[in-house]
Amino acid sequence: MNANVSLIGSEAKRHALVERTLRWWDRHRRLLPWRAPPGETPEPYRVWLSEVLLQQTTASAAAPFYLRFVAKWPTVEDLANADSEDVVAAFAGLGYYARARNLHACAKEISLRGGRFPAEEAGLHALPGVGPYTAAAIAAIAFGRRAAPVDGNIARILARLIALEQPAKRSKSAIASVALALAPNERAGDFAQALMDIGAMICRPRRPICPACPLKEDCLAFARGAPEAYPPQAQGGGKTRPRRRGAVFFARRADGAFLARRRPPNGLLASTLELPGTSWTTAGPGRCCSASAPVVAAWRKVPGAVRQAFTHFSLSLTVYAGPFDGCAPEECFWVRPDSVDALGFSNIMRKAVAHALSAACFARPQMPGGGVIGLHADA
């Protein structure tokens, strides 16, 4: 037996731990829109959809997106027949837009199978965008298979349960062994969801509420009086996130509409809407670059900048705004400000639009000393 698994104790002790956890969940389970009521069989489509939306996202943030998805596409066949740009637009504001493309591709695959999802982890894992955790979660929750999904919250719970002395990221196999040892033959989905709720409500990274936890009787970190010490944090390698800069242009028409364009279908923020602008580089434009502007106008720099941290770099965008009442150039189109939330703008571009709208930047052009930039020469 794995040394870490042996720390849990005998089979009878593991069974008692599972039973206490399930009793706790029956009383304290979170009411989430994708969860089937007690006694009802979960619908695989909704379980899959919720798990995809929850990747890198909290339940509170994912819930409104989930409700909009199932209202617009009630079945997996409906989603498969949707326009790909509509699916990307439905993700606007949630981030990690590769999920939208994978979600649509997976829906098409399932539709070709008659709307039936595989019931086993291996078959689920072979679907587009379905990783090991998601496959295990769907198998357990939707199909009742004995599977052990392990996300960050569950990894923290199990690391504390056995007082793991190594950082969780370096001990994935040990944590997976403990998770599988605990996974029950019956109600595996309920047990997995119970651990998810414990991680969200009780076994928090800081200030865990140990007295309320059904695992406390068996938790070595609790017994040692230092739950927050487990799992230990990995020592930082001294690396800093690279910084990139860029500029975007907010060309506004007299009726309030502004120019936007769609990003390429591949790469970062693929297929989302954006303000036209420069590329994002480590040097970045220090001044307004006429070659990157969508039209010739008198551009004014909006004070401040728009910032966002991505996985591998942080971004700072300078926003230039100006009036324009001509025809939309190639690859651009007009968008009304009140439709931004319904369209596929990414978070960083929503911030840029809001930043431009918040400034009084459409006054009569001033001389260069007054902050207005003409595009007939770089300024």
Side-chain angles (χ1 to χ4, degrees), residues 14 17-63 65-67 69-70 73-76 79 99 102-103 106-107 109-110 113 115-158 175-176 178-203 214-215:
R14 291 196 293 274
L17 182 154
V18 170
E19 288 300 309
R20 285 198 310 275
T21 302
L22 289 172
R23 286 197 300 271
W24 174 89
W25 194 68
D26 288 339
R27 295 191 303 269
H28 303 292
R29 58 184 284 168
R30 289 181 293 175
L31 298 178
L32 300 173
W34 46 81
R35 281 185 174 167
E40 290 191 14
T41 302
E43 183 181 339
Y45 168 61
R46 298 195 170 207
V47 174
W48 162 72
L49 176 60
S50 68
E51 288 299 332
V52 173
L53 293 174
L54 284 165
Q55 292 170 10
Q56 305 293 331
T57 308
T58 64
S60 59
F65 288 86
Y66 171 84
L67 293 172
F69 259 88
V70 295
W73 301 298
T75 69
V76 70
L79 182 57
R99 288 182 296 174
N102 288 329
L103 188 83
C106 186
E109 173 65 24
I110 297 302
R113 302 183 183 200
R116 293 185 295 274
F117 282 81
E120 306 297 334
E121 282 186 76
L124 289 162
H125 193 192
L127 295 172
V130 178
Y133 166 79
T134 303
I138 297 170
I141 298 169
F143 298 103
R145 298 296 192 265
R146 184 177 180 268
V150 178
D151 63 359
N153 281 342
I154 294 176
R156 181 174 61 255
I157 293 169
L158 300 181
I175 292 173
V178 174
L180 189 58
L182 290 175
N185 292 317
E186 301 292 332
R187 298 187 67 185
D190 289 349
F191 183 71
Q193 291 176 96
L195 293 182
M196 296 173 191
D197 284 4
I198 291 169
M201 300 163 61
I202 295 176
C203 194
L215 304 174

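This is a predicted model, so every value here is computed, not measured. Only heavy atoms go into these numbers, but all of them, side chains included; no hydrogens, no water, no symmetry mates.
Within the structure, no pair that satisfies the salt bridge (charged side-chain N to carboxylate O under 4.0 Å, His left out) test touches residues 125-135, not counting sequence neighbours. Listed by first and then second residue, the salt bridge (charged side-chain N to carboxylate O under 4.0 Å, His left out) pairs that reach into residues 47-63 come to none, sequence neighbours excluded. Annotation: salt bridge (charged side-chain N to carboxylate O under 4.0 Å, His left out) contacts involving residues 136-156, sequence neighbours excluded, comprise Glu120-Arg145.
Of all heavy-atom pairs between Ala139 and Leu124, the closest is N-CD1, 3.7 Å. The nearest pair of heavy atoms linking Arg29 to Pro38 is NH1-CG, 3.7 Å. Between Leu53 and Ala62, the closest heavy-atom pair is O-CB, 3.9 Å. When all heavy atoms of Ala188 and Ala147 are compared, the pair lying nearest together is CB-N, 4.3 Å. Across every non-hydrogen atom of Phe117 and Pro44, the tightest pair is CD1-CB, 3.9 Å.
Counting heavy atoms from C-beta outward, Val76 and Trp48 have side chains that approach closer than 4.5 Å.
Going from atom CG of Leu32 over to atom OG of Ser60 covers 10.0 Å, rounded to the nearest 0.5 Å. Note that CH2 of Trp73 is 9.5 Å distant from CG of Leu49, once rounded to the nearest 0.5 Å. How far CZ of Phe69 is from OG of Ser50: 12.0 Å, rounded to the nearest 0.5 Å. In this structure, CG on Leu158 lies 11.0 Å from CG on Leu180, to the nearest 0.5 angstrom. In this structure, OG1 in Thr21 is found 8.0 Å from CG in Leu182, a value given to the nearest 0.5 Å.
The side chain to side chain donor-acceptor pair (under 3.5 Å) check on Arg113 picks up Glu109, with sequence neighbours excluded. Under the salt bridge (charged side-chain N to carboxylate O under 4.0 Å, His left out) criterion, Glu19 pairs with no residue at all, not counting sequence neighbours. Residues forming a ring pair (Phe, Tyr, Trp, His ring centres under 6.0 Å) with Trp24 (at least two apart in sequence, or on another chain): His28. With sequence neighbours excluded, no residue forms a ring pair (Phe, Tyr, Trp, His ring centres under 6.0 Å) with Phe65. Partners of Arg46 according to the salt bridge (charged side-chain N to carboxylate O under 4.0 Å, His left out) rule, which considers only residues two or more places apart in sequence or in another chain, are Glu43. Residues passing the ring pair (Phe, Tyr, Trp, His ring centres under 6.0 Å) test with Phe191: none are found, sequence neighbours excluded. Thr41 pairs by the side chain to side chain donor-acceptor pair (under 3.5 Å) definition with nothing, not counting sequence neighbours. With sequence neighbours excluded, the residues that form a salt bridge (charged side-chain N to carboxylate O under 4.0 Å, His left out) with Arg35 are Asp197.
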Query raised in the report: Would Leu17 and Leu215 count as a side chain to side chain contact (heavy atoms under 4.5 Å, CB included) if you check the C-alpha gap in whole Å, the side-chain angles of each, and the deciding distance to 0.1 Å?
Result: CA-CA 7 Å; Leu17 182 154; Leu215 304 174; 3.5 Å; yes
**Report entry** Steps toward side chain to side chain contact (heavy atoms under 4.5 Å, CB included) verdict (Leu54, Met196)
**Finding:** CA-CA 12 Å; Leu54 284 165; Met196 296 173 191; over 6 Å; no
Report task. Please step through side chain to side chain contact (heavy atoms under 4.5 Å, CB included) for the pair Trp25 and Leu195, ending with a clear verdict. Result -> CA-CA 9 Å; Trp25 194 68; Leu195 293 182; over 6 Å; no
**Report entry** Derivation and outcome, side chain to side chain contact (heavy atoms under 4.5 Å, CB included), residues Tyr45 and Leu79
**Finding:** CA-CA 10 Å; Tyr45 168 61; Leu79 182 57; 4.0 Å; yes
Going by atom type alone, with no hydrogens or angles, which donor-acceptor pairs under 3.5 Å involve a side-chain atom of residues 127-138 and a protein atom two or more places apart or on another chain?
{"residue": "Thr134", "atom": "OG1", "partner": "Gln55", "partner atom": "NE2", "Å": "3.2"}

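Taking the six-membered ring where tryptophan is involved, the planes of Tyr66 and Trp34 are perpendicular, since the angle between them exceeds 60° and thus also 30°.
Ile157 pairs in a side chain to side chain contact (heavy atoms under 4.5 Å, CB included) with only one of the listed residues (Val150, Ile198, Ile175), which is Ile198.
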